[in-house]
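Accompanying notes for the structure given below.
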Number of protein chains: 2
Amino acid sequence: MTAHKPSTRDTILDAAETVVGRDGARRLTIDAVAAEACVSKGGVLYHFPNKIALLKGMVERMMADVSQDFANCEAAAHAAGEPPLVHVFNAMFDRHDARKALSMALLAASAEHPDLLDPARDFLSSTFQRLSDDTPDPIGARLLLLAMDGLKLSALLGFDTIPENQLTQIRDRLVRLTHELYQ
Amino acid sequence: MTAHKPSTRDTILDAAETVVGRDGARRLTIDAVAAEACVSKGGVLYHFPNKIALLKGMVERMMADVSQDFANCEAAAHAAGEPPLVHVFNAMFDRHDARKALSMALLAASAEHPDLLDPARDFLSSTFQRLSDDTPDPIGARLLLLAMDGLKLSALLGFDTIPENQLTQIRDRLVRLTHELYQ
DNA sequence: TTGACTGTACCGTCTGGACGGTTTATGTGC
DNA sequence: GCACATAAACCGTCCAGACGGTACAGTCAA
């Protein structure tokens, strides 16, 4: 069991995401984050010298996580001799809730200073371009990736109201269409 | 020529969207809106007694506009004997920029008080449900609607980095697949 | 001893909102 | 046609509280 407790830094970032998701990006104050993380205000400022640094930390951790996820998916797909996109989509559905919290960094950064999203924009743009280009039908792949975006970004605003049974059908269809891309 | 100048109320709502899009939801202050609308702070507070009312106004106007757009699309589709979804998708691509500004209401409301989005959530949820159910292949329709969501919500965060030529190809494909839903 | 904090006090600025005053449009009686 | 009344639309200022950030002395485990 290497379930060692998360670092204070990560606890603070988790708390920030919780605050944004629950109270809105406007209430993401250093005081609120400190209270949510059960850390003093000084403690937060020890790890992140100012609020911009905190937001940068949120975006950077999100990108690192997403990057890792994609890498895992591509490795698993390669090992299984399957299309990478299938693994990407399945991973999204399997860890739907986890991703929802993660992306709160996007809302927070866009609210405070939209420029903070520049690195994320570049990273996601090139990643999605590559994912779709590595496919016999890039436009079809793009369309499916856009549908995935729709699901994730809807969840970001709480617009994820599709009933569970429809969601599994959508998942099945998405995976089926992904396989068809490669034929 | 009935191009009468917009009401002060609408000017204020336009200004609010401009501020959110340019500076982020965090900078949506009554002062900033007043300056952007070339109105005094008192003038803003005359039309919207407090900030919550301003945000409600933004969300309500957005819903009214979207509702009107959908109604127009369905009417035009009915008149032309075409699938409604085709008109919905074409309208989205044709007025891409207009819609981008409109949806800033979503960002602003989610930042300040996420509950303000409840009516929008209900409205969009039922509208999309109906649009897809009125189709021989509801799951396929949902997938295409999700792709549209992906495009619109990406634009909301400035994540609309797909090159123009790919975008037109995506549009063509989306319309083609929509027609296929009805076969 | 050092790094990782806690706790408190404080400062300057920003923000929402209340409030009183002023201009403009619309009648209304004569 | 005109003085007057009334209300709607709008302006400018003020204030309490919230917020970001600083400073600094103290705690405590490794």
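A note on names: the letters A, B, ... follow the listed sequences, proteins ahead of strands, and every chain is numbered from 1.
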* Asked: Checking side-chain contact (heavy atoms from CB on, under 4.5 Å) against B:L85, which of B:L145, B:L144, B:L177, B:L174 comes through?
  -> B:L145
* **A:L116: which of A:K56, A:E60, A:M58 passes side-chain contact (heavy atoms from CB on, under 4.5 Å)** => A:K56
Distances under 3.5 Å between protein N/O atoms and the N/O atoms of nucleotides 16-18 of chain C, please, pair by pair.
{"from": "C:dG16", "atom 1": "OP1", "to": "B:K51", "atom 2": "NZ", "distance (Å)": "2.7"}
{"from": "C:dG16", "atom 1": "OP2", "to": "B:I30", "atom 2": "N", "distance (Å)": "3.0"}
{"from": "C:dG16", "atom 1": "N7", "to": "B:K41", "atom 2": "NZ", "distance (Å)": "2.7"}
{"from": "C:dG17", "atom 1": "OP2", "to": "B:K51", "atom 2": "N", "distance (Å)": "2.8"}
{"from": "C:dG17", "atom 1": "N7", "to": "B:K41", "atom 2": "NZ", "distance (Å)": "3.0"}
{"from": "C:dG17", "atom 1": "O6", "to": "B:K41", "atom 2": "NZ", "distance (Å)": "2.7"}

Hphob cluster co-occupancy, [X] + [Y], side-chain heavy atoms under 4.5 angstrom:
X: B:F70; Y: B:L181; answer: yes
X: B:V86; Y: B:V66; answer: no
X: A:L146; Y: A:V175; answer: no

* **D:dC10 OP1/OP2 closer than 4.0 Å to side-chain N/O of B:T8** => yes
* Would you say a side-chain N or O of B:H47 is under 4.0 Å from OP1 or OP2 of D:dA8? -> no
* Are the charged groups of B:D94 and B:R171 less than 4.0 angstrom apart, N to O? -> yes
* Asked: In whole angstroms, how far is the C1' atom of D:dT22 from the CZ atom of A:F48?
  -> 19 Å
* Atom OH of B:Y46 to atom C1' of C:dT22: distance rounded to whole Å? -> 14 Å
* Scan B:V44 against the nucleic acid and name what it touches under 4.0 Å (heavy atoms): base, sugar-phosphate only, or nothing. => nothing
